[in-house]
Amino acid sequence: MAAAAAGAGIVLAVAAAGGTYASLNSQATARGAAVLRAGSASIAVTSGLVLASSPLYPGSTTRGSAVITNTGSIPLRLRVTGLALTGTADALSNVITVGVTSGPAVTAATCAAPFTPSWSGTFVSAAAAGELPVTVAAGSTAVVCVSLTIPTTAPDPAKGRSAAFTLTIDGRQL
Amino acid sequence: MTRDDRAGKRSRGPLAAFVAAFTIVFVAATSSAGAAAYWTATAQPLTATVTSATTSITASQTGLATTYRFAGAATSTQNIARGSMIFANTGTTPLTLTASLTANTAPVAANISIVLWDGAGQGCAQTPSAGVTAPVKLSASALPLPPTLTSVAPQSSVTVCAATTLDTTVAAQQGLSVSPVIRITGRVGTAWVTSGDSAPFVQKVYQVPNVGTITCTENPGTLTIAGTVTLSWAPVADANSYTLHLGSKATAKFRTVNQATPTVSTTIGAGDLGLTGVLSSVPVVVASEETFSGTSSPGVTVNLRTALLPLLSVRCPA
């Protein structure tokens with residue numbers, strides 16, 4: 001008796017709660033024997049980051065772009081999750097600020113012009129992950145703009161150096 | 001326990017179970033702390049390498065090495081040297097430019113002015129009537145650049161025309177010289193600085209040169225005629241005459257000898273030297289003179305000797 005009441009309570013509670021709150025959705029039409037397929041989330045870099053060849057100098061910014069493709073089956077919001085030097089920190093890397101943005105209307109051409117970053121970070125202090133203002137539909141692409149700036153106060157030892165780095169992007173389900 | 005009590009408990013048991021199950025499931029389903037999973041695509045790396053610029057600049061000049069030798073004070077046509085300076089940005093960053101002068105402490109530098117202008121479209125052969133910087137002395141440290149030439153793109157150069165002028169007469173500064181160096185400094189930001197020096201360029205003020213080797217020939221005297229000497233030398237280019245001074249050039253000349261070819265000569269006796277007694281050595285200074293710029297050479301000293309006999313004679317150096 002008690003078990004039956006508990007079961008009824010569960011059923012009623014589920015009904016009252018309005019269904020599940022899971023964000024994961026996939027759709028399938030059941031005809032006859034129903035087949036449920038889960039969605040997938042994946043992205044790929046289909047065009048690597050290419051920066052302008054002009055070198056950095058105090059007060060200057062160099063810009064570039066990359067293309068990210070949503071290779072999964074659900075829309076994804078792109079997000080910057082990491083920024084790291086490949087080599088050793090030096091006078092140049094210590095003063096670089098990296099900016100990233102994207103958007104539905106962003107193209108490689110717009111990335112080459114000055115833009116306001118949606119996410120900024122430095123190699124000195126790790127920045128928190130940050131979402132970019134773009135949602136990429138499954139099978140679609142997004143252009144990601146990247147800028148690197150050094151301030152007018154960049155020290156003299158920052159001259160004539162290079163800094164290799166990795167910017168990490170992921171995609172998160174809305 | 002009565003029958004009714006037992007019946008009541010039985011009737012409340014299912015209700016409690018229902019309420020408990022409902023509450024747990026409902027709260028779990030509606031709570032924000034409930035399942036809110038996101039699917040996240042595996043992060044992908046974007047890699048690149050960024051380089052910083054280099055700074056380097058060079059300076060050179062042509063046409064500014066000169067010798068001032070005209071007669072008058074500076075005018076629009078006299079005692080002017082014109083040339084050009086090329087500042088080449090050999091680095092990879094744009095630079096703002098400032099110029100300065102070094103190695104310029106020689107006294108004559110305070111009597112030479114320099115002006116600059118942008119030679120684009122007009123060249124450096126003539127000083128334009130407008131667009132010329134205010135004159136500064138070669139002895140100054142700062143050399144103001146024309147406003148249009150205060151920056152240079154990477155891997156580019158700018159050409160700055162220059163004119164220098166002697167501000168005094170040649171005679172007043174004769175024989176003096178200065179070898180200044182133009183230093184160009186390029187800056188970007190507050191800390192990136194580079195500079196380059198031109199080769200020194202000599203600016204001197206003309207002075208007629210000294211005579212070369214002086215040949216002394218004795219003219220022996222007799223019991224009644226005092227012995228003399230004849231001094232001779234090769235003529236000096238540009239000289240119009242020569243002056244002879246007793247002791248030093250600072251004393252008044254006691255003779256002027258005109259230019260002659262192939263040899264200039266003059267004979268000197270004791271009377272010329274104002275000798276009234278026996279002296280062991282009498283220095284005579286021979287200086288070249290020219291009238292074009294009004295200059296006189298420092299002079300060459302010949303130490304003549306005197307002899308009591310015959311009479312009061314003059315002899316050549318030992």
Side-chain angles (χ1 to χ4, degrees), chain A residues 1-10 12-14 16-17 21-24 39 41-45 48-49 51 55-59 62 64 66 68 72 74 76 81-82 86 92 96 144 146 148 150 152-156 158-173, chain B residues 7 9-56 89-96 153-155 186-195:
Chain A
M1 185 67 172
I10 290 171
L12 184 58
V14 169
Y21 278 77
S23 297
L24 312 181
S42 63
I43 61 172
V45 178
L49 177 58
L51 296 173
L56 284 172
Y57 57 85
T62 189
I68 305 288
I74 57 173
L76 295 173
T81 59
T86 302
L92 173 62
I96 291 176
V144 175
V146 177
L148 294 98
I150 62 175
T152 57
T153 55
D156 188 76
K159 291 192 294 190
R161 295 184 176 273
S162 63
F165 65 95
T166 299
L167 183 70
T168 309
I169 305 282
D170 74 6
R172 195 163 63 157
Q173 179 196 13
Chain B
K9 280 193 173 182
R10 279 196 301 272
S11 64
R12 287 194 297 272
L15 178 60
F18 174 84
V19 170
F22 179 88
T23 302
I24 291 170
V25 173
F26 184 82
V27 169
T30 58
S31 170
S32 62
Y38 292 100
W39 279 2
T40 302
T42 302
Q44 298 296 315
L46 300 178
T47 59
T49 298
V50 66
T51 60
S52 57
T54 59
T55 59
S56 178
N89 181 352
T90 55
T92 56
T93 178
L95 296 171
T96 57
Q155 302 297 309
R187 290 183 173 82
V188 58
T190 58
W192 288 22
V193 181
T194 185
S195 62

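Values reported hereafter were calculated over all heavy atoms of this structure, with side chains retained and with hydrogens, waters and symmetry mates removed. Please read all numbers here as calculations on a predicted model, not as lab measurements.
Not counting sequence neighbours, B:Arg187 has no partner by the salt bridge (Lys or Arg N to Asp or Glu O under 4.0 Å) test.
Annotation: maximal heavy-atom pairing with chain B below 4.5 Å, among A:Ile150, A:Leu76, A:Leu49, A:Ile68, occurs at A:Leu49. When each of A:Pro155, A:Gly59, A:Gly48 is checked for heavy-atom pairs under 4.5 Å with chain B, A:Pro155 comes out on top. Considering only heavy-atom pairs separated by less than 4.5 Å from chain A, the leading option among B:Val188, B:Val50, B:Thr42, B:Thr190 is B:Val50. Contact tally against chain B (heavy-atom pairs below 4.5 Å) for A:Val45, A:Val146, A:Leu148, A:Val144: the top residue is A:Val45.
Proximity to chain B is limited to the side chain of A:Thr62, based on heavy atoms less than 4.5 angstrom apart. The contact between A:Leu51 and chain B is made entirely by side chain atoms (from C-beta outward), counting heavy-atom distances below 4.5 Å. Of the atoms belonging to A:Ala66, it is side-chain heavy atoms, and not backbone ones, that fall under 4.5 Å from chain B. In this structure, the portion of A:Thr81 lying under 4.5 Å from any heavy atom of chain B is its side chain and not its backbone. For a residue to count as touching a neighbouring chain, one of its non-hydrogen atoms must lie under 4.5 Å from one of that chain's; by this rule A:Ile169 touches chain B with backbone and side chain alike.
Side chain of A:Thr152 to backbone of A:Pro58: no donor-acceptor contact under 3.5 angstrom is found.
Separation of atoms OG1 (A:Thr168) and CG (B:Leu46) is listed at 8.0 Å; rounding is to 0.5 Å. Note that the CH2 atom of B:Trp192 and the CG atom of A:Asp156 stand 8.0 Å from one another [nearest 0.5 Å]. Summarising the geometry, atom OG belonging to A:Ser42 is positioned 9.0 Å from atom CD1 belonging to A:Ile74; distances are rounded to the nearest 0.5 Å.
Screening residues 44-56 of chain B for side chain to side chain donor-acceptor pair (under 3.5 Å), with sequence neighbours left out, gives A:Lys159-B:Thr55, B:Thr54-B:Thr92, B:Ser56-B:Thr90.
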